[in-house]
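Heavy atoms only: backbone and side chains are in, while hydrogens, waters and symmetry mates are out.
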Amino acid sequence: MLSIVPLSIVTPSVIFIGILSHVASDSAYVILMPVSAYIFYKTGKHPLAGIAAGFAGLAGGFTASYTPSIIDPILAGFTETGAQVLDPEYTVNVLCNFFYSFSSTFAVIGSCWYITDKIVEPRLHKSIPIDVEQINDTNEQPTINELKAFRIANYALLGLVICLIALMVPDNSLFRAPDGSLTSPQAPAMQTIVPMLLIFFALPGLVYGFISKKFTSTKDVTKSMESITASLISFIVFAFFCAQFLYCFSTSNIGSLIALSGAEALKAINMPGKITILGVIILTAGLNLIITSASSKWAILAPVLVPMLMAVGLSPELTQAAFRISDSAINVSTPMYAFYPLIISYMQRYCSQSGIGTLVSMMVPYSIGLLITLTAMLYLFWGLDIPLGFNSGYTYGN
């Protein structure tokens, strides 16, 4: 898609593709950053601005998404665990922030487009010249077999979508809850999002791999799975210790004590709910400079913040949305972010003097713009009482 867009909309197209790439999780960094830089370079724009636009759409716009992403069930799980500290029967829909995320996509594209073309790129042209000679600067065309495999893989994906819709439409569908709903937390459609994501990625991937001859046997499939699993080792280790922490935290009732104490303090201060949520956004923004992993931060914060704000009448879904705003906006401008070394290596292919300072200064305007834009979107939804997502509201209790 990026290779055929008109020059006038190259920037929003890169940002848009970055947002769509959320479903590919961390894999997108490897592909999107160099492609974005190359397209900007070939169209006469600064290649580092292409990296900035892609990075802003992918990491900075993480709250915005057209489709459910891998992070949704992870955050919802922690939110539900935190809510059950105060209310053991409380359930959180995996797509509790989907309407807000979907609508924020347009705001993120607009703000990042303005920042890229009006602020970041003009400064890059003045201060960071391209000083690395570009060798073999040609378009690598896919083979006929690869194009065929890509086309058939897309047909496989389309077939999956049609089958899923056909299975969900009947009133007696197995994907529906006992009351006939497709969107309640009890509906298998909501409870099976993780395995559905697996199937929707795996089947087209297998079709493409075997038809294009990237895979010649099941051993090749196993090797590719081993390769990607190796990149998740740090997360698996974290998940193990996180599980122990959550169990101890829940069993000891420390979370309830902290939440109730904090709730009493909030009641004593008697701040409006909108100011309290702004405080959550600012707190998360500060923490994100040190802890960049969304799951790591929310695993720590959810058992405290969620029940504390429930005690003063604010819903867990609203607290999660506030958390996601800061997590998205600040990711791009902290050197602690795991993908900074990779992105800097892509930058140095065009500008040899690029470093951490270059990337941070380039991305700070995006953090400010995204923080303002996403916060404004949340308060707009709140003010108009638009649901944040499925089975979600802004208040808890009476």
Side-chain angles (χ1 to χ4, degrees), residues 19 22 59-83 86 90-108 111 183 185 190 193 266 271-288 293-331 367 369-397:
I19 292 173
H22 290 165
F62 204 56
T63 293
S65 182
Y66 275 93
T67 61
S69 63
I70 295 171
I71 197 66
D72 290 322
I74 296 174
L75 295 185
F78 287 130
T79 303
E80 185 173 286
T81 301
L86 196 66
Y90 199 92
T91 58
V92 175
N93 194 301
V94 174
L95 301 181
C96 63
N97 293 152
F98 179 69
F99 300 152
Y100 169 68
S101 296
F102 180 87
S103 301
S104 295
T105 301
F106 305 99
V108 166
S111 62
T183 60
M190 293 292 111
I193 283 182
L266 289 175
M271 288 193 304
K274 290 182 172 60
I275 301 298
T276 302
I277 288 298
L278 183 61
V280 172
I281 294 172
I282 295 172
L283 169 66
T284 308
L287 286 176
N288 206 52
S293 168
S295 56
S296 300
K297 280 195 304 295
W298 197 227
I300 298 169
L301 293 176
V304 176
L305 287 181
V306 171
M308 186 192 323
L309 297 188
M310 286 172 67
V312 294
L314 298 176
S315 72
E317 295 82 5
L318 175 59
T319 306
Q320 178 181 294
F323 163 79
R324 294 187 68 171
I325 288 173
S326 296
D327 182 68
S328 299
I330 306 301
N331 268 346
S367 285
L370 287 168
L371 200 59
I372 293 172
T373 299
L374 292 172
T375 301
M377 283 293 295
L378 178 63
Y379 282 104
L380 177 63
F381 264 62
W382 198 350
L384 298 176
D385 199 28
I386 303 172
L388 293 170
F390 294 105
N391 305 110
S392 64
Y394 298 91
T395 60
Y396 170 78

What is the minimum heavy-atom distance between Y396 and M310, and which atoms define it?
CD2-O, 3.3 Å
Which value, rounded to the nearest 0.5 Å, describes the distance between L378 atom CG and S104 atom OG?
8.0 Å
Taking S367 for the side chain and A329 for the main chain, is one N or O donor matched with an acceptor at less than 3.5 Å?
yes
Does S326 use its side chain to pair, donor to acceptor, with the backbone of I281 at less than 3.5 Å?
yes
Would you name the heavy atoms of L370 and S111 that are closest together and state the gap between them?
CD2-OG, 4.3 Å
Would you check if the side chain of S392 reaches a backbone N or O of G389 as a donor-acceptor pair within less than 3.5 Å?
yes
Interatomic distance, Y379 atom OH to L384 atom CG [nearest 0.5 angstrom]:
14.5 Å
Spacing of CG belonging to L75 relative to OG1 belonging to T79, to within rounding of 0.5 Å
6.0 Å
For A311 and L86, which heavy atoms make the closest approach, and how far apart are they?
N-CD2, 3.9 Å
Reported CG-to-CG distance for the pair L95 and N391, which is rounded to 0.5 angstrom
9.5 Å
Go through the steps for L309 and L318 under the test side chain to side chain contact (heavy atoms under 4.5 Å, CB included), then give the verdict.
CA-CA 9 Å; L309 297 188; L318 175 59; over 6 Å; no
Straight-line distance of I325 CD1 to I330 CD1, nearest 0.5 Å:
11.5 Å
Hey, does the side chain of S315 reach the backbone of G393 with a donor-acceptor pair shorter than 3.5 angstrom?
yes
Does any part of the side chain of Y100, heavy atoms only, come nearer than 4.5 Å to the side chain of M377, both counted from C-beta?
yes
Does the side chain to side chain contact (heavy atoms under 4.5 Å, CB included) test come out yes or no for T319 and L301, once each step is laid out?
CA-CA 10 Å; T319 306; L301 293 176; over 6 Å; no
Atom of A322, atom of V280 and distance for their closest heavy-atom approach:
CB-CG1, 4.0 Å
Taking all heavy atoms of F381 and all of F99, pick out the closest pair and write down the distance.
CZ-O, 3.7 Å
Taking the six-membered ring for Trp, are F106 and F102 parallel (under 30°), tilted (30 to 60°) or perpendicular (over 60°)?
perpendicular
Is the backbone of T91 close enough, under 3.5 Å, to the side chain of E80 for a donor and an acceptor to pair up by distance?
no
When every non-hydrogen atom of S328 is compared with those of L374, the smallest separation belongs to CB-CD1, 4.2 Å
How long is the span from the CD1 atom in I277 to the OG1 atom in T375, to the nearest 0.5 Å?
11.0 Å
Going through the checks in order, is the side-chain hydrogen bond (donor to acceptor under 3.5 Å, both in side chains) test met by E317 and N97?
CA-CA 7 Å; E317 295 82 5; N97 293 152; over 6 Å; no
For residues 294-323, pull every pair meeting ring pair (Phe, Tyr, Trp, His ring centres under 6.0 Å), keeping only residues two or more places apart or in separate chains.
W298-F323
Side-chain contact test, heavy atoms from C-beta onward, threshold under 4.5 Å: evaluate it for Y90 versus P316 and give yes or no.
yes
Please determine whether side chain to side chain contact (heavy atoms under 4.5 Å, CB included) holds for the pair Y394 and L388, giving the CA-CA distance in whole Å, both sets of side-chain angles, and the decisive distance to 0.1 Å.
CA-CA 8 Å; Y394 298 91; L388 293 170; 3.7 Å; yes
